[in-house]
Peer 1: 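A single structure is presented below for examination.
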Protein chains: 2
Amino acid sequence: MKETVPLAEAAALLCEPSRAKMVQCLLDGRFHTATELAVYAGITPQTASHHLYKMTECNLVQVKKNGRHRYYRLSSAEAAQMIESLLCIAPPEKIRSLKQFDRYHAIRFARTCYDHLAGKVGVALTEAMRDLAILEQRENCFYLTEKGKLCLQEFGIDVTAALKKRRSFARCCLDWSERRYHLAGSLGHAILERLLTLEWIRRLPHTRAVQVTEEGKRGFSQVFGLDVRNEPFNPIGDTGIRPEVNRKGELS
Amino acid sequence: MKETVPLAEAAALLCEPSRAKMVQCLLDGRFHTATELAVYAGITPQTASHHLYKMTECNLVQVKKNGRHRYYRLSSAEAAQMIESLLCIAPPEKIRSLKQFDRYHAIRFARTCYDHLAGKVGVALTEAMRDLAILEQRENCFYLTEKGKLCLQEFGIDVTAALKKRRSFARCCLDWSERRYHLAGSLGHAILERLLTLEWIRRLPHTRAVQVTEEGKRGFSQVFGLDVRNEPFNPIGDTGIRPEVNRKGELS
DNA sequence: TTCATATTTCGATGATAGTCGAAAGATTAG
DNA sequence: CTAATCTTTCGACTATCATCGAAATATGAA
C-alpha cells in the first residue's frame, strides 16, 4: 500500500491548470454546471467531469443535482480562503495578449471574492468605510461602529440579520491583487448583495470581475466619497507587464 | 508558448509528496540543510536539491549559504499561513503503523506552527489566557488586555518589543488539528520563546512536535490553571483511526 | 415513444515530471 | 596540498495522470 501525504493530496487538487481554472471560476461562491466549468477551463466535458469527481471526493466542492444538470460550488468559506491564500503566493500572471491584458485589469479592478467584493474597488470601499468611521480596523479584523451600524442600515443593509449568521461577521480578507485587506464575512456579503440590488455594480458573464455602473460611480462618490475610476492605462500604475527575470533567490 | 495558470503553479509546489514532506518539516520556521530535508522526505540529496531549487525560484523558501551547507527555510509567514490553510482542507492521515500512530498523536498534542505553539497544548494555552482575561478574542483576532500585559511581563515576556515588530501582534491562527484558534503573531512567537527558555517545552529532533517537560506541566498548572496531559489512548478521544468510507458527496 | 441535451464511464495515448546514478563543483578540515 | 563532506548538474528511465474518443446513462422536451 502506498504512503499518502495529506498536504500533497490537498494541493494536488489545485496543481493542475484545468482544475485551477475551474476553481477560480468557482471562487465567486455560486453554483456552476459541469459543462460551464469545462468551457471555462477549455477542456472537454468528460475531462471536466473527471476533475470535478476528484474535487468533490476530497470535499473541496459540493454538487447538487437538479434535473439533468449538476451544479457545483465550493464546499466552504474555508476552501475559498485557502485558495485565496494560495493566490497571494502565486506568481504574477504573464500577459501575452490584449484580451488577457483587459481581463488582468478587470479582475484587479473589481471582482467578487467568494461572496463579497474585492479588488481595487473592494479595498477602496473598505478603506473609505474605515475613514468614515463606519468600520474600525484593529489587528486583523474589522469592527462595525455604532455610527457605522446606523449608516449601513440607512444604506439598506440588514445588519442584525448579518450578525445572526453563524459565521464571521466582519472578517479581514487579504486581497491578493491589492495586497491589502478588504472586508469579508457576513457583513461583506450583505454589502455586496446590496450593491448588486442597487445596481451600483453588475455581475459579468463568465468572469468574477464585476462592472461598476455609472450610477454606481455616482453613488460611491456621494455616499462614500469614493472616486471610482478604472484606468488600466495609467502609465504610473502597475500595467501587469513584468520583465523576464531569473532570480536565484539567495540571501545574504 | 504555453499558457500558465499562477494558482496551479503555486499549488504545484506542494502537490508532490516529497516536497510536501519537506515543507512540513520547514513549517517549524527554522533553517534546515538540504540533506536534512532529503532524509526527512526519504529521497536522495540530488532529488531534494531539485525540489528546493523549484521552491526557492517560486519564492516559497529562502536559502542562505553558510560554508558548504545551504540552509533553507520558509520565506514568509504568509507562506506558512497558506500551508496551514491547506492542511485544514487536507484529508486526515491514514494510520498504518505504531510509529505513525505515535507521531500522529505527538504532532497533535503539541507542536510549533511556524514560530508559535500549536496543537492541543497551543489551543489550550490560548483559551486559558482568554479565560484568565489575559487575551480577549473578538471576531478573528486576539487583544492583549492591560491585565494581560502585566501578567505576561511578569511571566518574563517583553511585550513592548513584540508590539514593535513589523508584523501582526496577536493574530488568530486556525489550528488544523484542533479546528479551533490558537495565538499567533509576534506575541505568540514571544510566548513560544519564553516557554523554551523556561524549559517548559523542549524541541524534539526531526519533528515539529514538542515535548512538555515535567516542569512545564507544573508550570502550566500553577500559572495558567492548565492540566496538560498527553493521553493518546483515551478511548473517548479521537484515536485518528478512520473507517474506510466512500463518499459520493452529493447534496440534497 | 423518440429525440436532444447533460453528464459520466471506459479505455487508450501521450506528455509531464519525479527519481536516481554518475560526476562535477564548492568548501572545510587536517 | 589532499581528503572528506555537502550540494548541484546532467542524463536517462519510468510512472503517473490529464486528455480525448466512443459509448453509456440520465433527464427533459416534443
Side-chain angles (χ1 to χ4, degrees), chain A residues 1-5 7-23 31-58 61-73 246-252, chain B residues 1-5 7-23 31-58 61-73 246-252:
Chain A
M1 211 187 287
K2 237 179 63 182
E3 179 194 27
T4 63
V5 180
L7 174 61
E9 286 177 51
L13 294 175
L14 301 171
C15 78
E16 209 282 321
S18 306
R19 276 199 294 263
K21 278 191 187 176
M22 288 196 280
V23 158
F31 283 105
H32 296 269
T33 67
T35 306
E36 200 178 326
L37 292 166
V39 171
Y40 188 89
I43 52 178
T44 60
Q46 57 270 38
T47 305
S49 171
H50 174 232
H51 290 316
L52 288 166
Y53 173 75
K54 284 196 171 182
M55 294 197 285
T56 48
E57 204 180 34
C58 291
V61 303
Q62 284 180 333
V63 59
K64 189 176 192 171
K65 274 178 77 169
N66 196 340
R68 53 185 161 181
H69 293 279
R70 294 209 177 178
Y71 292 95
Y72 291 90
R73 72 164 172 190
N246 36 349
R247 30 184 174 167
K248 255 291 197 175
E250 294 201 341
L251 282 184
S252 82
Chain B
M1 211 188 287
K2 237 179 63 182
E3 179 195 26
T4 64
V5 181
L7 175 62
E9 285 177 51
L13 293 175
L14 301 171
C15 79
E16 209 283 321
S18 307
R19 277 199 293 264
K21 279 191 187 177
M22 288 196 281
V23 158
F31 283 106
H32 296 268
T33 67
T35 307
E36 200 178 326
L37 292 166
V39 171
Y40 188 88
I43 51 179
T44 59
Q46 56 269 39
T47 306
S49 172
H50 174 231
H51 290 314
L52 288 166
Y53 173 76
K54 284 195 171 183
M55 294 196 286
T56 49
E57 204 179 34
C58 291
V61 302
Q62 283 180 334
V63 59
K64 188 178 194 170
K65 275 178 76 168
N66 196 340
R68 53 186 160 183
H69 294 277
R70 294 211 176 173
Y71 292 94
Y72 290 90
R73 72 166 172 188
N246 39 350
R247 27 180 179 169
K248 255 289 197 176
E250 294 202 339
L251 281 185
S252 81

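This is a predicted model, so every value here is computed, not measured. Throughout, a chain's letter reflects where its sequence line sits, starting with A, and its residues are numbered from 1.
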Peer 1: To the nearest Å, give me how far apart CZ (B:Arg19) and C1' (D:dT16) are.
Peer 2: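 These atoms are roughly 14 Å apart.
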
Peer 1: Calculate the interatomic distance between B:His32 atom NE2 and D:dC6 atom C1'; express it in whole Å.
Peer 2: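 Atom-to-atom, B:His32 to D:dC6, this comes out as 17 Å.
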
Peer 1: Can you name the atoms? Protein N/O to nucleotides 27-30 of chain C N/O, anything below 3.5 Å, with the distance.
Peer 2:
from: C:dT27; atom 1: OP1; to: B:Lys65; atom 2: NZ; distance (Å): 3.4

Peer 1: Students often get this wrong, so: under 4.0 angstrom with heavy atoms, is A:His51 touching a base, only sugar-phosphate, or nothing?
Peer 2: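 Sugar-phosphate, backbone atoms only, no base.
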
Peer 1: Let's see if you can work this out: which of C:dT8, C:dC20, D:dA18 has an atom nearest to the side-chain heavy atoms of A:Pro45?
Peer 2: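 The listed nucleotide nearest to A:Pro45's side chain is C:dT8.
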
Peer 1: Work out which heavy atom in B:Pro17 is nearest to a heavy atom in A:Val5; give both atom names and the distance.
Peer 2: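 What the structure gives for the nearest pair is CB-CG2, 3.9 Å.
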
Peer 1: Examine C:dG18: is either OP1 or OP2 under 4.0 Å from a nitrogen or oxygen in the side chain of B:Lys54? Give yes or no.
Peer 2: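 For C:dG18, OP1/OP2 do have a side-chain N/O of B:Lys54 under 4.0 Å.
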
Peer 1: Among D:dT19, D:dC6, D:dC20, find the nucleotide with the atom closest to the side chain of A:Ser18.
Peer 2: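 Of the options given, the side chain of A:Ser18 lies nearest D:dT19.
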
Peer 1: Just the rounded figure in Å: distance from P of D:dT8 to CD of B:Glu57.
Peer 2: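 After rounding, the gap between these two atoms is 13 Å.
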
Peer 1: In whole Å, what is the span from the NE2 atom of B:His50 to the C1' atom of D:dA12?
Peer 2: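 Computing the B:His50:NE2 to D:dA12:C1' distance gives 14 Å.
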
Peer 1: Quickly work out the A:His69 NE2 to D:dG28 P distance and round it to whole Å.
Peer 2: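 The distance from NE2 of A:His69 to P of D:dG28 comes to 9 Å, rounded to the nearest Å.
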
Peer 1: When you measure from the side-chain N and O atoms of B:Thr44 to the phosphate of C:dC20, is any distance below 4.0 Å, counting only OP1 and OP2?
Peer 2: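 Looking at the OP1 and OP2 atoms of C:dC20, one of them is under 4.0 Å from a side-chain N or O of B:Thr44.
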
Peer 1: CD of B:Gln46 versus C1' of C:dA24: gap in Å, rounded?
Peer 2: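 Going from CD in B:Gln46 over to C1' in C:dA24 covers 13 Å.
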
Peer 1: When you measure from the side-chain N and O atoms of A:Arg70 to the phosphate of C:dT8, is any distance below 4.0 Å, counting only OP1 and OP2?
Peer 2: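 Answer yes for this pair, as a side-chain N or O of A:Arg70 is under 4.0 Å from OP1 or OP2.
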
Peer 1: Both A:Thr47 and B:Thr33 contact DNA chain D. Which one's nearest nucleotide lies toward the 5' end?
Peer 2: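 The residue mapped nearer the 5' terminus is B:Thr33.
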
Peer 1: May I have the list of side-chain donor-acceptor pairs in residues 31-43 of chain B shorter than 3.5 Å, sequence neighbours left out?
Peer 2:
from: B:His32; atom 1: ND1; to: B:Glu36; atom 2: OE2; distance (Å): 2.7
from: B:His32; atom 1: NE2; to: B:Asp28; atom 2: OD1; distance (Å): 3.1
from: B:His32; atom 1: NE2; to: B:Asp28; atom 2: OD2; distance (Å): 2.9
from: B:Thr33; atom 1: OG1; to: B:Glu36; atom 2: N; distance (Å): 3.2
from: B:Glu36; atom 1: OE1; to: B:Thr33; atom 2: N; distance (Å): 3.3

Peer 1: If you compare all heavy atoms of A:Leu52 against all heavy atoms of A:Val61, which two are closest, and at what distance to 0.1 Å?
Peer 2: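 Reported closest heavy-atom pair: O-CG2, 4.3 Å.
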
Peer 1: Specify the closest pair of heavy atoms between B:Ala20 and A:Leu7, including all atoms of both residues, with the distance to one decimal.
Peer 2: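 The pair with the smallest heavy-atom distance is O-CD2, 3.8 Å.
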
Peer 1: Can you tell me how far NE2 of B:His50 sits from CE of B:Met55, rounded to the nearest 0.5 angstrom?
Peer 2: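 Answer for the CE-NE2 pair, B:Met55 versus B:His50, is 10.5 Å.
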
Peer 1: Nearest 0.5 Å, what's the CG-NZ distance between B:Leu13 and B:Lys54?
Peer 2: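 Those atoms lie 8.5 Å apart.
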
Peer 1: Any base atoms under 4.0 Å from A:Tyr72, or only sugar-phosphate, or nothing? Heavy atoms, all strands.
Peer 2: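 The answer is sugar-phosphate, as A:Tyr72 gets under 4.0 Å only of primed atoms, P, OP1 or OP2.
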
Peer 1: Starting the side chain at C-beta, find the nucleotide from C:dT7, C:dG21, D:dT8 nearest to B:Ser49.
Peer 2: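 It is D:dT8.
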
Peer 1: In Å and rounded to the nearest 0.5 Å, what is the OG to CZ distance from B:Ser49 to B:Arg70?
Peer 2: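 Spacing of OG (B:Ser49) from CZ (B:Arg70) equals 8.0 Å.
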
Peer 1: A:Leu52 CG to C:dT9 P: how many Å, rounded?
Peer 2: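 It works out to 12 Å between those atoms.
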
Peer 1: Starting at atom CG of B:Leu13, determine the distance to atom C1' of C:dA17, rounded to an integer number of angstrom.
Peer 2: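 Atom CG in B:Leu13 sits about 13 Å away from atom C1' in C:dA17.
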
